[in-house]
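First the proteins, then the strands, lettered A, B, ... as listed; each starts at 1.
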Amino acid sequence: MTAIDAFTPLRPDLDPYKLGHGHDVAALHVHDASGHGAGGPASKRVIVGYGFWIFLLSDIILFSAFFAAYAVLWTQTAGGPSGRDLFDPGSVAIETACLLLSSFTCGMSAVATGARSQLWTQVFLVATGLLGAAFLAFEAKDFAGMVAQGAGPQRSAFLSSFFAVVGCHGIHVTTGMLWLGTMMAQVWVKGFRPNILRRLLCFNLFWHVLDIIWIALFTIVYLIGEGR
Amino acid sequence: MTDLSEGRDDYEGRDEYDIAPGVTQAAEYNIREGIQTYTIGLVLAVILTGASFYVVRTPLIWGPAIPTALIVLAIAQMGVHLVFFLHITTDPDNTNNTLALAFGVLIVVLILGGTLWIMGNLNDRTMLPSSTMQMPP
């Protein structure tokens with residue numbers, strides 16, 4: 001037994017964190033884990049996905065600033081209407097259902113992509129797009145109704161921060177819809193090439209993160225605001 | 001200089017111990033398991049969302065506890081989405097993704113907590129009676 005053997009697991013799965021993987025693992029051919037200091041850089045798919053994940057986290061941090069502004073300003077209604085007067089719980093429930101289901105169909109499209117099924121990938125992407133469009137339609141209706149009542153973003157600090165945070169999410173969904181249409185066309189024309197698969201991966205991440213932000217939105221803005 | 005990763009096939013089992021966020025082996029290679037994962041996620045998310053909407057309306061819960069209950073439910077649902085939809089898990093091949101997420105959460109907590117703390121403190125120190133703050137313009 002040499003000293004190196006002490007760091008070598010008997011079975012690779014017994015050492016999932018690869019403790020001591022720097023100890024000449026290449027010579028032993030035990031692990032070739034890319035991106036862990038041995039085995040060279042990770043493949044482009046992992047690097048692209050990771051980079052996009054970092055971007056999404058920065059996007060979440062951007063939203064946290066909007067949420068912080070809302071949390072500070074939501075009681076400052078300047079004598080105008082409060083959330084309780086304005087929010088329509090039924091509409092919020094429908095929007096939540098649309099976005100949650102679209103997240104699910106987006107995941108289903110990823111499964112179909114894994115199976116390399118052009119038809120089902122397109123079907124689930126269309127379903128995702130339709131649910132996203134329904135979400136945007138309800139949100140636009142809510143916004144138009146509020147502005148018609150004179151409760152636009154200029155009315156009070158509460159409404160400014162409300163339109164900023166919900167509107168920012170709406171702009172993200174709109175952008176995601178444009179991206180979705182682009183991806184459907186690219187999958188249709190170019191097929192499941194590695195670069196197209198990477199773009200689909202990024203789109204999936206983006207869409208699921210939008211839904212996570214919506215969880216924070218319907219909880220902090222609508223439900224807690226409604227309770228007051 | 002050439003990009004070392006450029007010519008590499010993305011699907012040659014290179015990344016056995018490293019995985020991109022949003023990727024699950026199940027969804028990639030096994031349709032049944034993939035559908036199962038997303039369906040479990042959807043069911044859990046629907047239950048938690050339903051609970052959130054129920055908590056606001058029910059008289060069963062003490063009023064001042066409702067915001068706390070809502071935030072707990074929201075964090076639970078975010079966890080469900082992360083695990084079942086984004087496939088961010090505690091697996092060793094996910095270490096990089098989880099660490100990035102942990103750093104993101106740290107910044108979010110600092111921004112939200114810091115803002116609420118500082119602005120709340122300033123509010124307390126402002127000598128104006130709250131009634132003048134609420135006057136119509």
To the nearest 0.5 Å, how far apart are [atom1] in [X] and [atom2] in [Y]?
X	Y	atom1	atom2	answer
B/Gln77	A/Asp211	CD	CG	7.5 Å
A/Leu223	B/Tyr54	CG	OH	14.5 Å
B/Leu70	A/Ile215	CG	CD1	13.0 Å
B/Ile107	A/Ser58	CD1	OG	11.5 Å

Check whether B/Met78 gets within reach of chain A through its side chain, its backbone, both or neither, counting any heavy atom under 4.5 Å.
both

Do you know the tightest heavy-atom contact between [X] and [Y]?
X	Y	answer
B/Asn96	A/Tyr50	O-CE1, 3.5 Å
B/Ala74	A/Thr219	CB-OG1, 3.4 Å
B/Arg57	A/Pro89	NH2-CB, 3.0 Å
B/Val108	A/Ile60	CG2-CG2, 3.9 Å
B/Leu112	A/Ser64	CD2-O, 3.6 Å
B/Phe85	A/His208	O-CD2, 3.5 Å

Per-residue tally against chain B (heavy atom, under 4.5 Å) across A/Val72, A/Ile54, A/Leu101, A/Val92 peaks at A/Val72

If we define contacts as heavy-atom pairs under 4.5 Å, which of B/Thr39, B/Ile66, B/Leu73 has the most with chain A?
B/Thr39

Among the listed options B/Val46, B/Asn97, B/Ile71, B/Leu116, the residue most often paired with chain A at heavy-atom distances under 4.5 Å
B/Asn97

Over 12 foreign heavy atoms within 6.0 Å of [atom1], [X]:
X	atom1	value
A/Tyr70	OH	yes
B/Phe103	CZ	no
A/Trp120	CH2	no

So, does A/Trp53 use its side chain to make a donor-acceptor pair with the main chain of B/Ala100 at under 3.5 Å?
no

Please tell me if the side chains of [X] and [Y] come closer than 4.5 Å, counting only heavy atoms from C-beta onward.
X	Y	answer
B/His81	A/Leu100	yes
A/Phe218	B/Phe53	yes
A/Ile212	B/Leu86	yes

